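Whatever order the structure lists ligands and atoms in, that order sets their numbers, starting from 1. The first residue in the sequence is number 1, and the count goes up from there. All values reported here derive from a predicted model rather than from experimental measurement.
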Amino acid sequence: VDLASIMEQPEPPVLPSSQNTLSFSSNSAAFLQSYLPSASSASTEKLPFVTLTYASSLDSAISLSPGIQTILSGPESKAMTHYLRSQHSAILIGANTAIADDPGLNCRIDGVGGYGGADLLGQPRPVVVDPHGRWLQTLTKETRVLRTALEGKGRAPIIFTNNNTTIPAAKLALLKEYGGMHVFIGPEDLDQAEGVPTAWEGILKCLASKGLKSVMIEGGGAVINSLLSKRFAPVVNSVIVTIAPVYLGKGGVIVSPDRDDKGKPTARLKDVRWQGLGEDVVMCGRLSP
Ligand SMILES: NC(=O)c1ccc[n+]([C@@H]2O[C@H](COP(=O)([O-])OP(=O)(O)OC[C@H]3O[C@@H](n4cnc5c(N)ncnc54)[C@H](OP(=O)(O)O)[C@@H]3O)[C@@H](O)[C@H]2O)c1
């Protein structure tokens, strides 16, 4: 990662915001605690603590199709997602999710910055891995994550692109104006030989170097499947999956990593706990080596 390409971050301008808060009780949060980063967990590590989390249907789909945002889980699980965001210093998504969902990528838990709290306290830094700049090309003042930053309800994003991707100067200027950053992924962090768009260690090391000690990786399918592969699973500390009582049917975006040993499962969780949440079930675990 070429750290020299990181831009200076001015404070984003702040507009008054309407309150739209969520709460998640400490009772509900208790079962999650041992799967979350602690104050000590990442301070001595080179990589941030990584939590992989997503909502899935009963047939392992996370959306009806790649370009469609699909609400799967109930309001309690939504509050949990925002609670999880409040427990991480960054939240990361792939380019397709940024394009399809136009997400705000902030935390709306009562008491965090912008939702009753001071400044941007408790707001995670959004990170979009966009190797070919497909999402960055679409960035305008109306892009939700920038609007959210402008309203003082979240931080502006860090965007990673490949170092051979040409980024229009106007898009970089816009990103900088809102307090965002652009980082080139250097050739050493690409893994084209294995057909992997990016090697995660470089991105994670760069985030750690910026003081981001924990990252919640939210999707979409390609990013999750990549991180569940044998090659990258070691960078994942916890997996938290919400399973909603719905079948999306064939044709959806599926969580199902490549199998590299046809005779064995690709990944298995250990230290597993299940918890009902509204009509959903939340499963927490750690990836076995
Ligand atoms: N239910 C949930 O919890 C949930 C959460 C998030 C998203 N989603 C849904 O998931 C869908 C999008 O998923 P998706 O699978 O199409 O795309 P995705 O995982 O969001 O993005 C894939 C893109 O990210 C880039 N990328 C960078 N590094 C990568 C790596 N190591 N491995 C794979 N991709 C990498 C690539 O961009 P380039 O091709 O430009 O190189 C790739 O095409 C949307 O419909 C969204 O709504 C659901």
Q) Considering only heavy atoms, does Phe232 approach ligand 1 within less than 4.0 Å through its side chain, its backbone, both, or neither? A) neither
Q: Mind checking whether Asn225 contacts ligand 1 via backbone (N, CA, C, O), side chain (CB onward), both or neither, at a 4.0 Å heavy-atom cut-off?
A: neither
Q: For ligand 1, note which part of Ala222 has a heavy atom under 4.0 Å away: side chain, backbone, both or neither.
A: both
Q: Could you list the residues that satisfy side chain to side chain contact (heavy atoms under 4.5 Å, CB included) with Ser288, not counting sequence neighbours?
A: Lys270
**Q.** Among Leu47, Val50, Leu92, side-chain contact (heavy atoms from CB on, under 4.5 Å) partner for Trp200
**A.** Leu92
**Q.** Trp200 near ligand 1 by a heavy-atom separation under 4.0 Å
**A.** yes
Q) What part of Thr97, side chain, backbone, both or neither, has a heavy atom within less than 4.0 angstrom of ligand 1? A) both
Q. Can you tell me how far the OG1 atom of Thr51 sits from the CE atom of Met216, to the nearest 0.5 Å?
A. 8.0 Å
Q) Counting only heavy atoms, which portion of Ser65 has something under 4.0 Å from ligand 1: side chain, backbone, both, or neither? A) backbone
**Q.** Polar proximity ligand 1 side, Leu72 side, N/O cut 3.5 Å exclusive
**A.** no
(Q) Please classify the Ser63 to ligand 1 contact at 4.0 Å (heavy-atom distances, strictly less than): side chain, backbone, both or neither. (A) side chain
Q.
Taking distance alone, with N or O pairs closer than 3.5 Å, would you say Thr70 contacts ligand 1?
A. no
Q | Heteroatom proximity flag, Gly67 to ligand 1, N/O under 3.5 Å | A | no
Could you give the side-chain donor-acceptor pairs of residues 238-253 under 3.5 Å, partners two or more places apart or in another chain?
unit_1: Ser238; atom_1: OG; unit_2: Tyr35; atom_2: O; d: 2.7

